[in-house]
Amino acid sequence: MGLHANEKGLAKCLVFITICTLLISADTDSKVSSDSKSCGAEEDGEKSGKDCGCSALNRQKNEDEDVGSASKKYTAEFNNGNQEENEQSATNQFVRTNQMAFVKGGTFTMGTDEPVIYADGESPARLVTLTSFYFDAYETSNAEFDLFVRKTGYVTEAEQFGDSFVLESRISEEVKKDISQAVAAAPWWLPVKGADWRHPEGPDTDINDRMDHPVIHISWNDASEFCRWAGKRLPTEAEWEYAARGGLKGRLHPWGNKELPKGEHRMNIWQGEFPITNTAEDGYEGTCPVTAFAPNGYGLYNTVGNVWEWTSDWWTNRHSAEPQENPKGPDNGTDKVKKGGSYMCHKSYCYRYRCAARSQNSVDSSAANLGFRCAADKLPEGVECTNC
Ligand SMILES: [Ca+2]
Ligand SMILES: [Ca+2]
C-alpha cells in the first residue's frame, strides 16, 4: 500500500516540520540544550554542532530486564554444549577480513585546540604517548561476526531487547506503520522491533548481500565479547585516534584536511540534505563494504565514515592538557566513547567524520550505524599482519 507521489511529498514536508518542531522543543532538554550552545562556539557559523542524535540512542533503563546476564548471552543450544553442528556449518565462503596492521608506538597530538563541536570534548590538544599495538585493518564485517555467532551461539543485546534503532527513511512502509515512538532529539531514528545485526532495517531485511559490510546493531557489550573471542580487545580512544590519523599530524581526516581531495570521495558519509535526501554521491546510501575506499597511512580502512566504532574508554568531555602515557579514559562512567562518524554524518548535522571528533552511547545501545573493530597487544594466532 505505497504512497502516491503527491502523498510522498506531503509526507516529506510533514516529516520535516515534525523534525523542526521537535528540534525546537528539544531545546528545553538540558542535554540537547548544552549541545546546542556548542554550536555558538564554532568558528564558521556552520550548523555542524547540531546534535545528530548520535548520542540520543541510549536504551531506557528497565530494572525488570536482566538482558545482560551471562546465561542469556548464548543460546540455550550452546549453553547445553551442542555446538558441533554449528561449528561445522560455519561458512568459509567469504574472504576473511580479520587482518591486523602493526601500529608502531609513539607520541602524537590527541584532540584539537580548534574544536568544531566543543561540547563533545574535542579539545584541548594534548601530547599522548602510546606503546605499539595491532589494529584491525577493517571494521568488523557481518561475515566475521557470523563466524563468531556460529562458533559460540552468542546472542546480541539488540536480539535480547527485541529492537534497535534504524534511520526512518530506510525502513519499509510495512514495518513503519507499527512504530509510534521516535527519539525526541533525533526523530529520524525509529526503534524497530526485530531490527538486529541479521535484520539491519527490520524483520523484512537481511544481510545476505552484505556479508562484507560492517556488522551493525552491535552494543559495546557485544563488541567486547567478540574481541575477547577473537583474542583481541577494544582499542582505547587514544589508540583509535592515533591509528586513524595514520601518521599525519593535526589533520582533520586520515588523509589530510580536504573532505574531497582532488574531488575524490575518501569515505562513506551523507551527501544531500540530511535527513531528507541522500544522493549517495560517494557510491553508498547505507553502509559500504569494509574494504571500500583507500586505506590511510597505516593501511586502515574506513576509520572515519561508514560506521561508528566503539572504544574501551568511558566517556568524559573534560581532558587535561598535560602529556599522558597510554591513557585509558576515566575509571568509570555511564557511556562509552565511539569514534569516526558514520554513513549518516553530514557536515550540517553531524560533522564528526574527523579524527578528533567523538560521541558516546551507553554500553547496551545499538543502532544501524554503530559497529566496531578490535585492537590487540600481540598478534593473535591465525591473524595475518598486513605490514609486519
Ligand atoms: Ca554515503
Ligand atoms: Ca568507521
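Every number for a ligand or one of its atoms is a count from 1 in the order of the listing. Sequence positions, counted from 1, serve as the residue numbers for this chain.
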Please confirm whether Arg373 makes a cation-pi placement over Tyr138, using NZ or CZ under 6.0 Å from the six-membered ring centre and within 45° of the ring normal.
no
Would one find an N, O or S atom of Pro214, in either backbone or side chain, under 3.0 Å from the Ca ion (ligand 2)?
no
Is Lys336 close enough and on-axis enough to Trp310, meaning under 6.0 Å and within 45°, for cation-pi?
no
Give a yes/no answer: is there an N/O/S atom of Glu281 under 3.0 Å from the Ca ion (ligand 1)?
no
Step-by-step ring pair (Phe, Tyr, Trp, His ring centres under 6.0 Å) determination, Phe274 to Trp188
CA-CA 10 Å; Phe274 186 87; Trp188 46 87; 5.1 Å; yes
Can you tell me if an N/O/S atom from Asn268 lies under 3.0 Å from the Ca ion (ligand 1)?
yes
Considering all heavy atoms, the nearest Ser366-Ile218 contact:
CB-N, 4.1 Å
Any cation-pi pair here, Arg358 with Trp315, using under 6.0 Å and within 45°?
yes
Does Ser342 bring an N, O or S atom to under 3.0 Å of the Ca ion (ligand 2)?
no
Looking at Glu139, the N, O or S atom sitting nearest the Ca ion (ligand 2) is OE2
Taking both backbone and side chain into account, is any N, O or S atom of Asn302 nearer than 3.0 Å to the Ca ion (ligand 2)?
yes
Between Glu237 and Lys328, is there a donor-acceptor pair closer than 3.5 Å when you use the side chain of the first and the backbone of the second?
no
Rounded to the nearest 10 degrees, what's the angle O of Ile269 makes with OD2 of Asp282 at the Ca ion (ligand 1)? Could you check?
70°
Do Arg354 and Tyr351 meet the cation-pi criteria used here (NZ or CZ under 6.0 Å from the six-membered ring centre, within 45° of the axis)?
yes
Is Tyr284 close enough that one of its N/O/S atoms sits under 3.0 Å from the Ca ion (ligand 1)?
yes
Using a cut-off of strictly less than 3.0 Å, determine whether Trp308 has an N/O/S atom near the Ca ion (ligand 2).
no
